[in-house]
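Note sheet for the following structure.
Treat the numbers as computed from the prediction; the structure is a model and nothing was measured. Order of the sequence lines fixes the chain letters, A, B, ..., with proteins taken first and strands second; residue numbering starts at 1 for each chain. Only this structure's heavy atoms are used, side chains among them; waters, hydrogens and symmetry mates stay out.
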Amino acid sequence: MTPDQLAAAIRHAVVTSIAEGDLALEPAQVPDEVAVERPRNPDHGDYATNIALQLAKAAGTNPRAVAELVATRLRDVRGIAAVDIAGPGFLNITLDAATLGEVARSVVVAGETYGQIDRYAGTKVNVEFISANPTGPLHLGHTRWAAVGDAIARVLEAAGAEADREFYINDRGLQMDKFGQSLEARALGTEPPEGGYQGEYVTDLAQVVVASDPGILELTGDARWEAFREAGYALQLQQQKEVLDAFNTHFDVWYSERTLHSSGAVERGMAKLREQGHMFEADGATWLRTTDFDDDRDRVLLRSNGELTYFASDTAYYLDKRARGFDVCIYLLGADHHGYVNRLRAVAACAGDDPDVNIEVLIGQLVKMVKGGEEVRLSKRAGNMITLEDLVDEVGVDAARYSLIRYPVDSPLVLDLDLLVSRSNENPVYYVQYAHARIASVLRNAAELGIDWRATEADLALLTHDRETALLGLIGELPRVVGTAAELREPHRIARYLEELANGYHKFYDLCRVLPMADAELEPINISRLWLCAAARQTLANGLAMLGVTAPDRM
RNA sequence: GCGCCCGUAGCUCAACGGAUAGAGCAGCCGGUUUCUACCCGGCUGGUUGGGGGUUCGAGUCCCUCCGGGCGCACCA
């Protein structure tokens, strides 16, 4: 019996109580999904529900009385071994061993699909993240989004959504020109212009550009720095793509801001907004009245000098995504862009969309790095920065991704480089991966002993040890963790869950011998435990896949 | 001044409004005759920044104060 099935059984017991006149409630007052959780304290059974506490007031009685009514009916449900009422009115439910043990079989049978749910079936989601200028390497802030954004997409896919990862290339405007001028300057051996790019990589890049096209130096005037800009753009974009690919983050769409303009998407967007009646002219400029929808000031789309603002691009881009059929547009932005949240939501509202449904802006706080007890300052302009590649070189893709995903993004993150570099078990990714490798090893050994557990009838009711039931309970949680992680857009919940699961396995392994000792006969419990091992391995592997982290068979 | 985010153990951080606030690291003490010790168990460590409120129940929601980060362009 899965937790969801149990929740349904509880709900049925409540509805039956109402139907039979024992509970003075309307069926509509019963929540669609009854909350079922695993109690922290094992003495409180396999599962607990607070349904009696929630309904007591509306039913005009006390929680324990409601609990009693529900408990009586639950005790008749096949698979439920015991129902206790505890504390203010919690229902503590214990499943019988065979019923709980079946979790192992169902996980093994489901294989790679275990953990997938259909909550977002039919929903098309666009997840946009990083969206850096193609003017330099990706830094640590980008790296956080690379890991988290991709994990959000993976989790949404596991929850049934069709999720596209999208990278918006900021390839238009002043920054690009400064980039071209900086490259030109370095190629000529002079200093970049005011506000230009100072990083050492600019000099290297300039050399690469000249080496591949020596004729570029023959150009004169604006044509020269524009040529540098275009050549540098192509190289940097290619480099970003390669780096992200190696980082196991694969974008479905690389969307160029220039394309947005050349394709007519901007005109279409402006027309749509004009149609909706939220545009106006003032001081020679064209504005969008975002203050109609919670923004603190109106925003200029078309400047009085005839140039489109960056905001115009943002607006057109959102509308283009919607036109491409995405139901939900998720943006991951850095904390320094939190001022954009209201204006982006207002754009959706101005376009006639529901900002609470169609657009979602996630704000991530900054990543700080500490090394040798001192903060490492990141500055693209100064060139003294830590790049995605630096981090990967130091700790590897798996550890980098995992460390960045395992924390919620709305609080600032301080990574201690020394700890990350130390490759000790202080890094939880090793702990989780090790659990997977350990199981893989046991399964290998079983095969060498000639034990074909899959082909052997397993009595899963034998899994009654505390560590076994605890592990089974943990394994059964994955689908619900996926649901929560997807709904809240919080992939760190998967990571935390995997750490708990790994811990549950190590504890089991410590006290429960899986394979027969050298001189012992193969017993039924060995087979049952192999099924449990296989289920735990599958669950770890599936969870790690949702984070884009590998599940090694050997370490 | 206005707005957003944050404040939890010595450090880094968890905790869909649920039961005794948990992990890792740091410190101390133990554990495996056999499947991976990158493991397991125990101890020490907290007025969840302060104060009010909402309710069966608040780290979580509301108000307020304190402290920290970030943002408030016809820049990109």
Is the shortest side-chain N to carboxylate O distance from A/Glu468 to A/Arg529 below 4.0 Å?
yes
Under 4.0 Å between a side-chain N or O of A/Thr484 and OP1 or OP2 of B/C16?
no
Is RNA chain B part of any stem, that is, at least 3 consecutive Watson-Crick or G-U pairs with both distances under 3.5 Å, and where?
B:1-7 with B:66-72, B:10-13 with B:22-25, B:27-31 with B:39-43, B:49-53 with B:61-65
For the side chain of A/Ser304 and the base of B/C74, is some donor closer than 3.5 Å to an acceptor across the two?
yes
The side chain of A/Asp519 lies closest to which of these nucleotides: B/C38, B/U34, B/G18?
B/U34
Considering only nitrogen or oxygen atoms on both sides, find all protein atoms under 3.5 Å from nucleotides 5-11 of chain B and state each distance.
| residue | atom | partner | partner atom | Å |
| --- | --- | --- | --- | --- |
| B/C5 | O2' | A/Gln365 | NE2 | 3.3 |
| B/C5 | O2' | A/Asp410 | O | 2.8 |

Pair of N/O donor and acceptor under 3.5 Å linking B/G18 base with A/Asn50 side chain:
yes
Mind checking if A/His492 touches a base, just sugar-phosphate, or nothing, with heavy atoms under 4.0 Å?
sugar-phosphate
Under-3.5 Å donor-acceptor pair between A/Asn92 side chain and B/A19 base:
yes
Please test A/Tyr431 against A/Tyr434 for ring pair (Phe, Tyr, Trp, His ring centres under 6.0 Å), starting from the C-alpha separation and ending with a verdict.
CA-CA 5 Å; A/Tyr431 183 77; A/Tyr434 179 64; 8.2 Å; no
Is A/Ala48 touching bases, backbone alone, or none of the nucleic acid, heavy atoms closer than 4.0 Å?
base
So among A/Tyr318, A/Phe167, A/Tyr317, which one has a ring-ring contact (aromatic ring centres under 6.0 Å, His included) with A/Tyr255?
A/Tyr317
Pairing of A/Arg406 and A/Glu499 as salt bridge, 4.0 angstrom limit:
yes
Side-chain N or O of A/Arg40 versus OP1/OP2 of B/G22: is the shortest distance under 4.0 Å?
no
Would the base of B/G3 count as contacting A/His338 through its side chain, where contact means a donor and an acceptor less than 3.5 Å apart?
yes
Could you check whether the rings of A/Phe280 and A/Trp287 sit parallel, tilted or perpendicular, using 30° and 60° as the cut-offs?
parallel
